[in-house]
Number of protein chains: 2
Amino acid sequence: MDEGQAVQGFAALAQETRLAVLKLLVKAGPEGVAAGAIGSSLGMQPSRTSFHLAQLERAGLIVSRRESRSVIYSASYAQLTSLIQFLMEDCCAGDPRIVSGCAPIIAKCAC
Amino acid sequence: MDEGQAVQGFAALAQETRLAVLKLLVKAGPEGVAAGAIGSSLGMQPSRTSFHLAQLERAGLIVSRRESRSVIYSASYAQLTSLIQFLMEDCCAGDPRIVSGCAPIIAKCAC
DNA sequence: TCAATTGTTCAAGGATGATTGAAATATGGA
DNA sequence: TCCATATTTCAATCATCCTTGAACAATTGA
């Protein structure tokens, strides 16, 4: 992941509606949720739902597949992980007390 | 961390300059870096540096302390961790195969 | 106190992003 | 084919964000 992708990823999360959509999909798991169901879950009009889903997908944070008339969206866990690792890599100049780029480990470490 | 704080946190990261500043501070470690040094590292004017540092601090992602004429900024590792945990909590509806909210673990898990 | 250093605040501008409703596209069944 | 369902695209409007330069504030040493 490069800086441009990371900015796009964080920008996708930097909006109330999209953050709610992503959390819904993170909770839903790999099977995903149809666009219409996402929209009605959050009380949104279809065009608004579609706009935000497109932004999240452009950022790579979610993926879609068509199933009959529905389009099913699901979280891209690998991309979410890359985004977090981008943020935390080289933490504390690679201090050996820090075992990995994993944030919860950082929380317990010498930082 | 609530949704509003999370949106503010991600918004702080959703900008090329601020992301570069935060990564610089994450790498620098707990001792931090003076505002002027941050600005000259990234080739920025003082007002621009100050604007972005203020946004990052308002989001709680960095903290500042004055040392003589300089203002030293450092990353708030605890807040960064909270932000990541907010994103990943309840992943896959709490599937027991997932041990914690830690993204690298999620990457290896049934998701 | 005066001057130099270091950062912050402010207003104006140009650019980017979100919401809405209407129209368009895609799919499946009668 | 025709219609209903499901979703996307588009243009217009409104709001928000970023940059710049100039002025302001805080600190230190001569």
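The chains referred to below are lettered A, B, ... by the order of the sequence lines, with proteins before strands, and numbering in each begins at 1.
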Could you grab the distance from atom [atom1] of [X] to atom [atom2] of [Y], nearest 0.5 Å is fine?
X	Y	atom1	atom2	result
L25(B)	K23(B)	CG	NZ	12.5 Å
L22(B)	M88(A)	CG	CE	8.0 Å
M1(B)	Q79(B)	CE	CD	4.0 Å

Spacing between [X] atom [atom1] and [N] atom [atom2], to the nearest angstrom:
X	N	atom1	atom2	value
F10(A)	dT16(C)	CZ	C1'	20 Å
I72(B)	dT27(D)	CD1	P	14 Å
Q8(B)	dT16(D)	CD	P	14 Å
R58(A)	dT8(D)	CZ	C1'	12 Å
Y73(B)	dG7(C)	OH	P	9 Å

Show me the protein contacts with nucleotides 11-14 of chain D, counting only N or O atoms at under 3.5 Å.
none

Of all heavy-atom pairs between Y73(B) and A35(B), which one has the smallest distance, and what is that distance?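 Looks like CE1-CB, 3.9 Å.
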
When you check the phosphate oxygens OP1 and OP2 of dT19(C), does a side-chain N or O of Q15(A) lie under 4.0 Å from one of them?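 Answer is yes, contact under 4.0 Å.
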
Which ones in residues 61-69 of chain A lie close to DNA chain C, meaning a heavy atom under 4.0 Å from one of its atoms?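 Those residues are R66(A), S68(A), R69(A).
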
Nucleic acid contacts - residues 37-56 of chain A versus DNA chain C, non-hydrogen atoms under 4.0 Å: Q45(A), S47(A), R48(A), F51(A), H52(A), Q55(A)

Hey, what bend do you get for the helix from dT1(C)-dA30(D) to dA12(C)-dT19(D) if you fit axes on five pairs at each end, rounded to 10°? 10°

The residue among V21(B), V26(B), L80(B) that forms side chain to side chain contact (heavy atoms under 4.5 Å, CB included) with L61(B) is L80(B)

Check each of V63(B), I62(B), V33(B) against S74(B) using the side chain to side chain contact (heavy atoms under 4.5 Å, CB included) test, and report the only one that passes.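 Single pass found, and it is V63(B).
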
Looking at side-chain heavy atoms only, is the closest gap between [X] and [Y] below 4.5 Å?
X	Y	value
L53(A)	S64(A)	no
L87(A)	L19(B)	yes
E67(B)	R65(B)	yes

Please check if F51(A) and I72(A) belong to a single hydrophobic cluster, counting links between Ile, Leu, Val, Met, Phe, Trp and Tyr side chain heavy atoms closer than 4.5 Å. no

Of all the choices, dT19(D), dT19(C), dG7(C), which nucleotide is nearest to the side chain of T17(A) once you look at every atom?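 Output: dT19(C).
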
D2(A) and F86(A): CA distance, side-chain angles, deciding distance, side-chain contact (heavy atoms from CB on, under 4.5 Å) verdict: CA-CA 8 Å; D2(A) 62 28; F86(A) 176 87; 5.8 Å; no

Checking E31(A) now: which residues fulfil salt bridge (charged side-chain N to carboxylate O under 4.0 Å, His left out) with it, not counting sequence neighbours? none

For A11(A), which contact category applies under a 4.0 Å heavy-atom criterion: base, sugar-phosphate, or nothing? nothing

Solution key, residues 7-17 of chain A side-chain donor-acceptor pairs under 3.5 Å, sequence neighbours excluded:
unit_1: Q15(A); atom_1: OE1; unit_2: T17(A); atom_2: N; d: 2.9
unit_1: Q15(A); atom_1: OE1; unit_2: R18(A); atom_2: N; d: 3.2
unit_1: T17(A); atom_1: OG1; unit_2: R48(A); atom_2: NH2; d: 3.0

